[in-house]
Asker: 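Okay, handing you the structure first.
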Amino acid sequence: MGKIIAIANQKGGVGKTTTAVNLAACLGDNGKKVLLVDSDPQCNAGSGVGVERKSVDTNLYHCLSDPLLVKKAIIPTKFKNLDILPSSTDLAGAEIELALEDQREYRMKQALDTVKNDYDFIIVDAPPALGMLTLNVLTASDSVLIPIQCEYYALEGLSRLTSTIKIIKKNYNKNIEIEGVLGTMFDGRTNLSIQVMEEVKRFFGNKVCQTVIPRNVRLSEAPSYGEPIISYDSLSKGAAAYTALAEEIIKNNEKV
């Protein structure tokens, strides 16, 4: 049975989608069968692996209403061992629609459970807000990886996210754990980046990932070409970092 890892942080601009796309691609490159789930109405994870919105007929929005549509909605990408369950701008309306439904917190879980046995890892790119969609993502997931930007406002709202995870663990998903806290946009030349990571380690201890994602121009360029960094520039610092993160995630889960 595969492991479902949510990539979540209600703060935008922390490298959440970048991490979802590149971690998924690097896990696939390491021989793991991976499903990338784009649950953000902005659909950026899909475009990051070359999926054109106009070419998608069935997407996650439809699957939340009918879990049996998941296998129909999944699209194989051109990248090794990587499939995607694409998003839709219609998901923005799902926040309101789900609020009126029975078992509304479990719609994502019901959908992903239909394919969980088909993959080693399911990586879910969560929306940058703590709304009904993110609640669904966290209820469906085995763990959550939290990207934190190595800048001044990094810890802003982090206590709120960890409190939300505790509430979900108590009320909806007793098995959810923190997979790790990932420093992103790290610049080792600045005292600020180093200080932020020290503060994060003080707060989260051994839950902080050993891998840190550096600031890297190639990482910023890759999405506009519809490619993960490992395909766009396999020799870049960004590719090396996400390869190391994938290996760390694999190693940690082999211990379990």
Side-chain angles (χ1 to χ4, degrees), residues 4-27 36 39-40 42 44-45 48 121 123-131 133-135 137-138 141-169 176-220 222-223 228-229 237-249 251-253:
I4 303 176
I5 302 177
I7 314 296
N9 191 330
Q10 82 275 15
K11 192 175 184 303
V14 299
K16 180 177 58 62
T17 299
T18 298
T19 294
V21 168
N22 290 298
L23 174 59
C26 289
L27 286 168
L36 174 62
S39 70
D40 189 340
Q42 296 177 74
N44 290 334
F121 289 97
I123 304 297
V124 188
D125 183 26
L130 294 178
L133 278 175
T134 300
L135 175 58
V137 170
L138 295 177
S141 299
D142 299 305
S143 64
V144 54
L145 179 66
I146 308 170
I148 294 183
Q149 187 177 1
C150 295
E151 293 190 355
Y152 182 72
Y153 293 112
L155 301 177
E156 185 184 77
L158 195 57
S159 60
R160 185 179 168 203
L161 178 60
T162 52
S163 295
T164 299
I165 292 170
K166 288 178 182 177
I167 292 169
I168 287 169
K169 189 176 180 71
I176 192 169
E177 302 289 348
I178 293 177
E179 183 74 29
V181 181
L182 176 68
T184 63
M185 305 179 203
F186 181 82
D187 187 345
R189 299 169 300 178
T190 67
N191 288 331
L192 181 58
S193 280
I194 295 168
Q195 289 168 0
V196 166
M197 285 310 299
E198 287 176 351
E199 184 68 14
V200 170
K201 288 175 182 176
R202 189 178 67 82
F203 193 77
F204 284 101
N206 62 5
K207 284 294 184 181
V208 178
C209 296
Q210 294 179 16
T211 307
V212 177
I213 308 302
R215 281 198 175 278
N216 183 240
V217 173
R218 305 298 272 173
L219 269 177
S220 302
I229 189 62
K237 291 181 179 179
Y242 276 110
T243 297
L245 176 64
E247 291 170 352
E248 184 176 344
I249 295 291
K251 183 178 178 181
N252 289 344
N253 283 281

Asker: Are the side chains of Met197 and Phe186 in touch, meaning some heavy atoms are under 4.5 Å apart?
Answerer: yes

Asker: Under a 3.5 Å cutoff, is there a donor and acceptor pairing between the side chains of Thr184 and Gln149?
Answerer: no

Asker: Do any N or O atoms from the side chain of Thr134 and from the backbone of Ala129 form a donor-acceptor pair under 3.5 angstrom?
Answerer: yes

Asker: Are Thr17 and Asn44 linked by a side-chain donor-acceptor pair shorter than 3.5 Å?
Answerer: no

Asker: Output the distance between atom CD1 (Ile213) and atom CG (Leu219), rounded to the nearest 0.5 Å.
Answerer: 7.5 Å

Asker: Please name all residues satisfying salt bridge (charged side-chain N to carboxylate O under 4.0 Å, His left out) with Glu177, sequence neighbours left out, ordered by chain then number.
Answerer: Lys169

Asker: Go through it in stages, so that I can follow the logic: the residues are Phe204 and Ile178, the test is side-chain contact (heavy atoms from CB on, under 4.5 Å), and I'd like the CA-CA distance, side-chain angles, deciding distance and then a yes or no.
Answerer: CA-CA 10 Å; Phe204 284 101; Ile178 293 177; 4.1 Å; yes

Asker: Please report the interatomic distance CD1(Ile7) to CD(Glu179), rounded to the nearest 0.5 Å.
Answerer: 8.5 Å

Asker: So do Asp142 and Ile5 actually touch side chain to side chain, heavy atoms under 4.5 Å?
Answerer: no

Asker: If you measure from CD1 on Ile176 to NZ on Lys166, what distance do you get to the nearest 0.5 Å?
Answerer: 13.5 Å

Asker: Contact between Ile4 and Phe121 at the side-chain level, heavy atoms closer than 4.5 Å - yes or no?
Answerer: no

Asker: Determine, stepwise, if the pair Tyr242 / Thr211 fulfils side chain to side chain donor-acceptor pair (under 3.5 Å).
Answerer: CA-CA 8 Å; Tyr242 276 110; Thr211 307; over 6 Å; no

Asker: Could you tell me whether the side chain of Leu133 reaches within less than 4.5 Å of the side chain of Ser39, counting heavy atoms only?
Answerer: no

Asker: Of all the heavy-atom pairs spanning Ala246 and Leu23, show the shortest one and how long it is.
Answerer: CA-CD1, 3.7 Å

Asker: Quick one: closest heavy-atom pair of Pro147 and Lys16, and the distance?
Answerer: CG-CA, 3.9 Å

Asker: Distance check, rounded to the nearest 0.5 Å: Cys26 atom SG versus Ile229 atom CD1?
Answerer: 9.0 Å

Asker: Say you draw a straight line from CG of Asn252 to OG of Ser143; how long is it, rounded to the nearest 0.5 Å?
Answerer: 10.0 Å

Asker: With sequence neighbours left out, which residue pairs that include part of residues 190-205 fulfil the salt bridge (charged side-chain N to carboxylate O under 4.0 Å, His left out) condition?
Answerer: Glu199-Arg202

Asker: Would you check if Val144 and Leu161 make a side-chain contact, meaning some heavy-atom pair closer than 4.5 Å?
Answerer: no

Asker: Once rounded to the nearest 0.5 Å, what's the spacing between atom CG of Leu245 and atom CG of Leu145?
Answerer: 6.5 Å

Asker: Using a 4.5 Å cut-off on heavy atoms from C-beta on, say whether the side chain of Leu135 contacts that of Ile168.
Answerer: yes

Asker: Do Pro128 and Gln42 have side chains that approach each other closer than 4.5 Å (heavy atoms only, starting at C-beta)?
Answerer: yes

Asker: With side-chain contact (heavy atoms from CB on, under 4.5 Å) as the criterion, how do Leu182 and Ile146 come out once you've worked through the C-alpha distance, each side chain's angles and the decisive distance to 0.1 Å?
Answerer: CA-CA 6 Å; Leu182 176 68; Ile146 308 170; over 6 Å; no

Asker: Does Glu248 use its side chain to pair, donor to acceptor, with the backbone of Cys209 at less than 3.5 Å?
Answerer: no

Asker: For a quick test of reading the model, state the closest non-hydrogen atom pair linking Ala20 to Asp125 and the distance between them.
Answerer: CB-CB, 3.8 Å

Asker: Looking at every heavy atom in both Thr243 and Ala239, which two are closest together, and how far apart are they?
Answerer: OG1-O, 2.8 Å

